[in-house]
Amino acid sequence: MELPDFDTLKHWALVEPERLDALLHQQIDTLIEQVGPDRQRRLRGLQFRIDCQRRLAKNNLDSCIRIANMMHESFYAMRSQINHLQDETAPLADGLVPGNNVIRLADHRRDK
């Protein structure tokens with residue numbers, strides 16, 4: 001589906017916001033249907049959370065701030081997980097094997 005021109009979208013935003021909202025949801029549904037079924041559930045859940053934040057917001061600016069905070073929280077959680085994984089796989093300073101006794105194949109030397 002081709003989007004209407006800017007002036008039409010602007011008119012809808014000012015006069016018919018429900019029509020603009022319907023277009024938004026139609027575009028979102030079209031996009032979600034393009035991914036595999038395994039990812040559709042996750043995306044629909046994320047869209048539900050976004051829609052809830054939009055409904056709870058007092059105005060459009062509050063909505064943007066709430067959604068930006070969601071993105072920052074998600075990014076921070078992902079960054080924390082990556083840092084945690086890096087800490088787990090980093091070799092100890094004195095060269096000892098970590099407590100899980102896993103030796104990377106690349107680090108294994110044969111003394112034969």
Side-chain angles (χ1 to χ4, degrees):
M1 175 186 174
E2 189 171 321
L3 292 175
D5 62 23
F6 176 79
D7 292 328
T8 303
L9 293 173
K10 181 180 173 185
H11 174 75
W12 288 355
L14 296 172
V15 180
E16 302 176 74
E18 64 283 344
R19 191 169 177 185
L20 186 62
D21 198 46
L23 176 66
L24 171 68
H25 286 287
Q26 180 185 18
Q27 292 292 315
I28 290 169
D29 288 340
T30 301
L31 183 64
I32 290 175
E33 288 175 7
Q34 291 177 2
V35 300
D38 55 326
R39 298 207 180 223
Q40 282 185 12
R41 183 172 182 214
R42 171 81 174 117
L43 290 175
R44 291 194 192 285
L46 181 59
Q47 186 59 47
F48 175 78
R49 289 182 56 214
I50 291 169
D51 290 340
C52 287
Q53 291 300 318
R54 289 181 66 212
R55 280 188 220 111
L56 289 172
K58 297 171 186 156
N59 53 45
N60 288 338
L61 181 59
D62 185 32
S63 175
C64 289
I65 291 170
R66 287 171 175 266
I67 294 169
N69 285 338
M70 282 178 57
M71 291 188 298
H72 285 147
E73 289 170 7
S74 177
F75 177 77
Y76 179 76
M78 181 178 62
R79 184 174 159 253
S80 296
Q81 288 294 321
I82 289 172
N83 287 340
H84 180 70
L85 289 173
Q86 287 176 340
D87 291 343
E88 286 182 354
T89 59
L92 298 176
D94 55 5
L96 296 175
V97 177
N100 59 9
N101 294 330
V102 175
I103 300 172
R104 289 184 26 201
L105 187 57
D107 296 339
H108 181 70
R109 296 184 190 148
R110 294 188 180 202
D111 295 325
K112 293 184 181 181

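- With sequence neighbours left out, the side-chain hydrogen bond (donor to acceptor under 3.5 Å, both in side chains) criterion links S74 to no other residue.
- For the side chain to side chain contact (heavy atoms under 4.5 Å, CB included) test, residues two or more places apart in sequence or in another chain that qualify with F75 are M78, R79.
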Please tabulate, one pair per line, all N/O donor-acceptor pairs under 3.5 Å involving side-chain atoms of residues 3-14, not counting sequence neighbours.
unit_1: D5; atom_1: OD1; unit_2: D7; atom_2: N; d: 3.4
unit_1: D5; atom_1: OD1; unit_2: T8; atom_2: N; d: 2.8
unit_1: D5; atom_1: OD1; unit_2: T8; atom_2: OG1; d: 2.6

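- Partners of Q34 according to the side chain to side chain contact (heavy atoms under 4.5 Å, CB included) rule, which considers only residues two or more places apart in sequence or in another chain, are T30, L31.
- Cluster partners of L61, using a side-chain heavy-atom cutoff of under 4.5 Å among ILVMFWY residues and allowing indirect links, are I65.
- N60 is linked by a side chain to side chain contact (heavy atoms under 4.5 Å, CB included) to nothing, counting only residues two or more places apart in sequence or in another chain.
- For residues 59-69, the salt bridge (Lys or Arg N to Asp or Glu O under 4.0 Å) pairs, not counting sequence neighbours, are D62-R66.
- Scanning for side-chain hydrogen bond (donor to acceptor under 3.5 Å, both in side chains) contacts around H72 gives an empty result, with sequence neighbours left out.
- Grouped with I67 in one hydrophobic cluster are L46, I50, M70, the linkage being side-chain heavy-atom contacts under 4.5 Å among Ile, Leu, Val, Met, Phe, Trp and Tyr residues.
- Not counting sequence neighbours, the partners of R44 by the salt bridge (charged side-chain N to carboxylate O under 4.0 Å, His left out) test are D29.
- Shown here are the side chain to side chain contact (heavy atoms under 4.5 Å, CB included) partners of C64, two or more places apart in sequence or in another chain: there are none.
- Within the structure, the salt bridge (Lys or Arg N to Asp or Glu O under 4.0 Å) test picks out the following pairs touching residues 17-27 (sequence neighbours left out): E16-R19, D21-R54.
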